[in-house]
Each structure stands twice: as structure tokens, then as C-alpha cells.
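For reference, the structure is listed below as C-alpha cells.
All of these numbers come straight from a predicted model, not from anything done at the bench. Side chains included, hydrogens not; waters and symmetry mates left out as well; all remaining heavy atoms used.
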Amino acid sequence: ANGATVIIKTDGTVGIVTLTTSNTPSVGTPSVFASASTERLSAAYDTTNNKVVIAFKDAANSDRGTAIVGTVSGTSISFGSEVVFETGGTDPISIKFVGSGKVVIAYKDLGNSQHGTAVVGTISGTSISFGTPVVYNASEVNYPSVAYDSNSDKVVICYQDNGNSNRGTAIIGTVSGTSISFAGETAFDSSTVYYPIPVFDSTNNKIVISYSDGGDSNYGNAIVGTVSGNSISFGSQTRFTTATYQMHPGVHDSANNKIVFAYKDTANSNYGTAIVGTISGTSISFGTAVVFESASITFPHIAFDSSNNKVVTSCIDGGNSSKGTASVGTVSGTSISLSLIHISEPTRLGMISYAVFCLK
């Protein structure tokens with residue numbers, strides 16, 4: 001047909017390019033990357049080197065912050081050697097790819113009065129090296145989480161600032177070589193906040209932060225931020241759920257220009273739930289929440305598959321013997337439909353890593 005995409009096949013003929021998608025993907029065999037107790041896992045995908053980087057607290061090594069590089073091949077993954085990025089102990093940890101084969105890891109430094117700290121990692125082959133850690137907040141911080149604004153080439157770290165009445169706070173980071181500098185610390189909520197998690201909307205060039213708002217009965221709220229130079233400004237917050245004290249990790253569906261949050265709905269029997277948000281200017285509105293698992297779940301996380309234009313969540317599924325479970329979802333308008341697939345045997349894992357999508 002006119003306008004169809006074609007390729008030259010090996011026999012010299014022309015063929016139409018087709019794409020087959022599935023709502024029930026297959027999964028490979030789990031691979032051990034650390035043969036000891038690990039906690040607070042976070043993962044990122046390096047598009048420059050086509051590698052996965054996992055950062056974690058190594059409970060078998062004095063809680064030191066540790067990272068490891070993984071290589072995906074088919075449905076399996078292999079790993080290089082573990083590299084320590086913080087000897088003083090870390091808890092929790094958040095990692096984000098920032099381009100040019102680099103990642104930024106934000107964490108609370110247990111060996112330095114629990115100050116907010118970040119470090120730049122550079123991937124080379126199957127290894128990773130680190131610059132010098134930099135303190136971005138010289139008070140105790142909680143729940144640090146990082147996003148990368150590719151439009152402004154800035155890092156945004158969000159956290160609960162214990163030195164400022166536990167307010168929800170964001171700060172702008174600039175990566176230069178193996179170092180990072182910070183400016184523009186801004187409180188986005190004057191109340192105590194819990195679990196602030198930023199996500200970058202590459203269509204509207206906005207940062208969207210989800211969090212539990214102590215000034216609103218600890219309900220789930222979201223707020224839109226705009227990065228300009230070394231500063232960030234915010235619109236008004238919007239409540240999207242009456243679930244309390246929850247993480248609401250989000251992802252940008254670039255195909256439909258939507259933000260999707262996943263969470264445990266404490267107001268509805270702890271069911272696994274997702275909701276679609278739409279950004280307009282500096283505000284965000286939401287559709288109707290959708291249950292993707294009618295059972296109690298823990299530690300939901302979410303990623304976007306840009307090849308198939310699907311949203312993928314992961315969680316520990318209390319409705320199926322605490323098996324690791326994923327759901328594959330399709331956004332349509334302001335709603336989303338999802339189907340489940342079990343990805344592991346029963347487990348007593350404390351946390352499933354952030355889902356990441358690797359272009360293959």
C-alpha cells in the first residue's frame with residue numbers, strides 16, 4: 001500500500017515491515033547478580049552502551065552502595081563485577097541514565113549524617129567507574145528519587161527534607177564529566193511528604209512528581225514542574241488517589257502523551273492499581289483508576305516499552321503466593337487496560353527493582 005514501510009530481504013526482494021505485539025510476554029530465567037543479601041534496588045538502562053545498571057545496598061558488605069552492569073542477550077542477562085560507589089552505607093538508592101554512557105545515583109549517605117548525596121557513574125564495557133560523591137543537601141533526607149530532564153540536560157532529585165520540616169523538595173543537578181553540581185533547591189509542597197518520585201514527560205518537557213501528601217491526609221498527589229536553567233518552578237498539586245503512605249512510581253507513555261502511575265491502593269484492599277494523567281500547561285488531570293490485580297500487592301514499579309507502546313508494571317503479588325508479577329497495559333484516552341503475567345516463583349524479596357525497558 002502507498003506509504004507502507006518496506007525492507008530489502010536477503011534474496012533481493014522487497015517485503016513489508018510488520019510488527020507483532022503481545023499482551024502476554026515470555027520471560028527468561030532469573031540470573032543472580034549478587035550472591036548475598038541486597039536491598040533498595042534500583043535499575044537504569046544505558047542506551048549508549050546498551051547495558052543495564054543495577055544499584056543496590058549490599059547488606060553483606062556493611063550496607064555499602066554498590067552497582068553492577070548487566071548485558072541482555074535474548075531472554076537472559078549476564079553481569080560484570082560489583083563496584084562500590086559509597087563506603088559509608090546507603091539507604092535508599094535511586095539511579096537514572098543521563099546520556100553519554102553515564103548514570104546518576106542519588107542516595108542518603110548513612111556514613112555522613114544521612115546527608116543527601118549523589119554520584120556520577122560511567123559505563124565502560126561490563127564495568128562502571130565513579131566520580132567523587134557530592135552532597136546536595138547537608139541535612140537528613142528521606143526518599144531521594146532522581147529523574148533526567150533531557151530537554152534541559154538537567155538532573156532533578158526529589159526528597160523529603162528533614163532540615164526543612166520534612167517538606168517535599170526538588171533540586172537541579174548538572175553533570176560535567178565525572179562530577180555533578182547542584183543549584184535551585186525548591187520546596188514543591190510546604191507539608192510533610194512521603195515517597196516523592198519524579199518522572200520526565202519528554203513531550204511537554206515537564207517533570208511530574210507523585211507523592212503522599214501529609215497536608216492532604218497522606219493521599220496520593222501529583223505536581224508538575226518546569227526546569228529553566230538551574231531552577232524549577234511548580235504548578236498546583238492534584239490529588240489522584242486516597243491511598244495513603246504509598247509509592248506511586250510513574251512513567252511517560254510517549255506514544256499517547258500520558259503519565260501513568262502504579263500503586264497499592266490502601267483504600268481498596270491494597271489492590272494493584274494504575275491511573276492515567278494528562279498534562280496541560282503546569283497542571284495535571286486524571287482519568288479513572290484501573291485495578292490490574294484484585295489482590296494485595298507490594299512494591300509496584302513501572303516502565304514504558306516504546307517498541308510496542310505498552311506500559312509494564314511489576315510487583316510482588318500477595319494474591320498468588322507473593323510471586324513476582326508483571327502486567328502489560330495499553331493506554332487509550334484517559335484509561336488503561338492491563339493483563340497479568342507471573343514472572344517468578346514465590347519469594348520473600350523485600351523489593352523488586354524498578355522495571356527498565358531495553359531497546360533490542
Classify the side-chain pair [X]/[Y] by whether it contains a donor and acceptor separated by less than 3.5 Å.
{"X": "D153", "Y": "Y148", "value": "yes"}
{"X": "T298", "Y": "K264", "value": "no"}
{"X": "Y194", "Y": "D213", "value": "no"}
{"X": "N308", "Y": "D305", "value": "yes"}
{"X": "S42", "Y": "S94", "value": "no"}

Using modelled atom types only, decide if a donor and an acceptor are shared between the side chain of [X] and the backbone of [Y] within a distance under 3.5 Å.
{"X": "Q237", "Y": "A222", "value": "no"}
{"X": "D253", "Y": "A255", "value": "yes"}
{"X": "N221", "Y": "Y219", "value": "yes"}
{"X": "T273", "Y": "Y271", "value": "yes"}
{"X": "D149", "Y": "S152", "value": "yes"}
{"X": "N164", "Y": "R167", "value": "no"}
{"X": "T266", "Y": "T244", "value": "yes"}
{"X": "Q246", "Y": "H248", "value": "no"}
{"X": "T241", "Y": "A243", "value": "yes"}
{"X": "S31", "Y": "I77", "value": "yes"}

State, yes or no, whether a side-chain contact exists between [X] and [Y] at a heavy-atom distance under 4.5 Å.
{"X": "V260", "Y": "V331", "value": "yes"}
{"X": "I95", "Y": "V146", "value": "no"}
{"X": "T174", "Y": "N230", "value": "yes"}
{"X": "V119", "Y": "T132", "value": "no"}
{"X": "K206", "Y": "V224", "value": "yes"}

Heavy-atom pair with the smallest gap, counting every atom of [X] and [Y]:
{"X": "P92", "Y": "R40", "answer": "CB-CD, 4.0 Å"}
{"X": "I297", "Y": "C315", "answer": "CG2-SG, 3.9 Å"}
{"X": "A106", "Y": "I157", "answer": "CB-CD1, 3.8 Å"}
{"X": "V276", "Y": "G333", "answer": "CG1-O, 4.1 Å"}

Practice task
Run through I68, V83, T122, V69 and flag the one making a side-chain contact (heavy atoms from CB on, under 4.5 Å) with S127.
Solution key: V83
Looking only at the aromatic ring of each residue, does the gap between the centers of [Y] and [X] stay below 6.0 angstrom?
{"X": "F261", "Y": "F240", "value": "yes"}
{"X": "F188", "Y": "Y211", "value": "yes"}
{"X": "Y195", "Y": "Y143", "value": "yes"}
{"X": "F79", "Y": "F33", "value": "yes"}

Problem - Interatomic distance, K108 atom NZ to S113 atom OG [nearest 0.5 angstrom] - result: 12.0 Å
Problem - D109 side, atom CG; N137 side, atom CG - distance, nearest 0.5 Å - result: 12.5 Å
Practice task
Sort out for me which residue in N257, T226, T282, T278 forms a side-chain hydrogen bond (donor to acceptor under 3.5 Å, both in side chains) with N204.
Solution key: N257
Problem - Ion pair check, D46 and K51, cut-off under 4.0 Å - result: no
